[in-house]
Amino acid sequence: SFSSPEEKETFLSRFEAARLLLAPGVSKRNATISVLNALLDRVLTQAESVPASRSRTSSNSGKEMMLDSAGMYTGDEDPSDQDLFVVERKAFKNLCSGLVQQCGCQSNPSWTLASFLKKGHVARVQFACPHCKQSRIWASSRVLCGHYLANQKLVHAFTCAGILPRQYINFCAFAGMGEVKQRYIHSVYVDRLYQEVVADAAEESMKAAVECVKASPHYATSGEWVITDAR
């Protein structure tokens, strides 16, 4: 039920907008993003109506926040501000320690954000001194064999989980967390000897299963059938 005619009209207008987004001929990706934005807008509208005493920010009373946007989503003017990326714990520690170190010119503040770039799931950030213009580069992942470790680990993770490359790419695109493309995935499989390692591991596993079957009491009577099942 609705508490007022205005509330009913608001609901009907939002329902119609959602229906149009899901209509045939609309890009699935664009529709999904638009629906998500509509839902976030609805949540923000409800959050604004919650009394201050019931707001979650009350739990932060008496605590100094490091970031003015910490703890509460308030809506972003730039959609790219919602982008996600993967960060290693070690890389994050290096970032924290690096930001508190002053530049050689002893300026204050020492570092400002100059550029932000995503490489797959990894953030590559350039910090610059506003006074002497000296710059430093930070990445959210270390490098292994010329490629970011986080990107390679994500390829390994979705492969072991039984997820197809296209499913992985679509999932990451919808989440806004970056993705590596088919060419990169292929290079991990081939250039990093991934396929050879997996094939060797599978062969060793099957050999171990066959040897285990040969040691069982059923092998003498139905060995060939049991070994076929083991492989």
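FYI, side chains are in, hydrogens and waters are out, and symmetry mates aren't considered; it's all heavy atoms of this structure.
- Put simply, the side chain of Val125 reaches to within 4.5 Å of the side chain of Leu113, judged on heavy atoms.
- In summary, the side chains of Tyr168 and Thr159 do not present any donor paired with an acceptor at a separation below 3.5 Å, with no hydrogens or angles considered.
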### Message
Under the criterion side-chain contact (heavy atoms from CB on, under 4.5 Å), I'd like the reasoning laid out for Met177 against Asp83: C-alpha separation, chi angles, the key distance, then a yes or no.
### Response
CA-CA 6 Å; Met177 60 183 294; Asp83 281 352; over 6 Å; no
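- No single ILVMFWY cluster, assembled from side-chain heavy atoms under 4.5 Å apart, contains both Ile163 and Leu154.
- The shortest distance between side-chain heavy atoms of Arg136 and Trp111 falls below 4.5 Å.
- Once rounded to the nearest 0.5 Å, the distance linking OG of Ser141 with NZ of Lys153 reads 8.5 Å.
- A distance-only check finds no donor-acceptor pair linking the side chain of Ser140 to the backbone of Val122 [under 3.5 Å].
- Taking each heavy atom of Val180 and His121 in turn, the nearest pair found is N-NE2, 4.4 Å.
- Heavy-atom minimum distance, Ile185 versus Phe158: CD1-CZ, 3.9 Å.
- Shortest non-hydrogen contact noted between Leu84 and Ala175 is CD1-O, 3.6 Å.
- If you take CG on Asn94 and CD on Glu88, they are separated by 9.5 Å, rounding to the nearest 0.5 Å.
- The minimum heavy-atom distance linking Gly178 with Lys118 is given by the pair N-NZ, 3.2 Å.
- In this structure, SG on Cys172 lies 11.0 Å from CZ on Phe174, to the nearest 0.5 angstrom.
- Counting all heavy atoms, side chain and backbone alike, Tyr148 lies closest to Ala139 at CE2-CB, 3.8 Å.
- Criterion: ILVMFWY side-chain heavy atoms under 4.5 Å apart, direct or through other members. Under it, Phe171 and Phe85 are not part of a common hydrophobic cluster.
- Annotation for Trp138 and Ala91: closest pair NE1-O, 2.9 Å, computed over non-hydrogen atoms.
- A chain of hydrophobic side-chain contacts below 4.5 Å, direct or via other Ile, Leu, Val, Met, Phe, Trp or Tyr residues, connects Tyr189 to Ile169.
- Looking at Gln167, its side chain does come within 3.5 Å of a backbone N or O of Leu164 through a donor-acceptor pair.
- Within a 6.0 Å radius of CZ in Phe92, other residues, nucleotides and ligands contribute 12 heavy atoms or fewer.
- Annotation: side chain of His147 is in contact with side chain of Tyr184 (closest heavy-atom distance under 4.5 Å).
- Looking at heavy atoms from C-beta onward, Gln126 lies out of side-chain contact with Leu117 at the 4.5 angstrom threshold.
- With sequence neighbours excluded, no residue forms a side-chain hydrogen bond (donor to acceptor under 3.5 Å, both in side chains) with Ser205.
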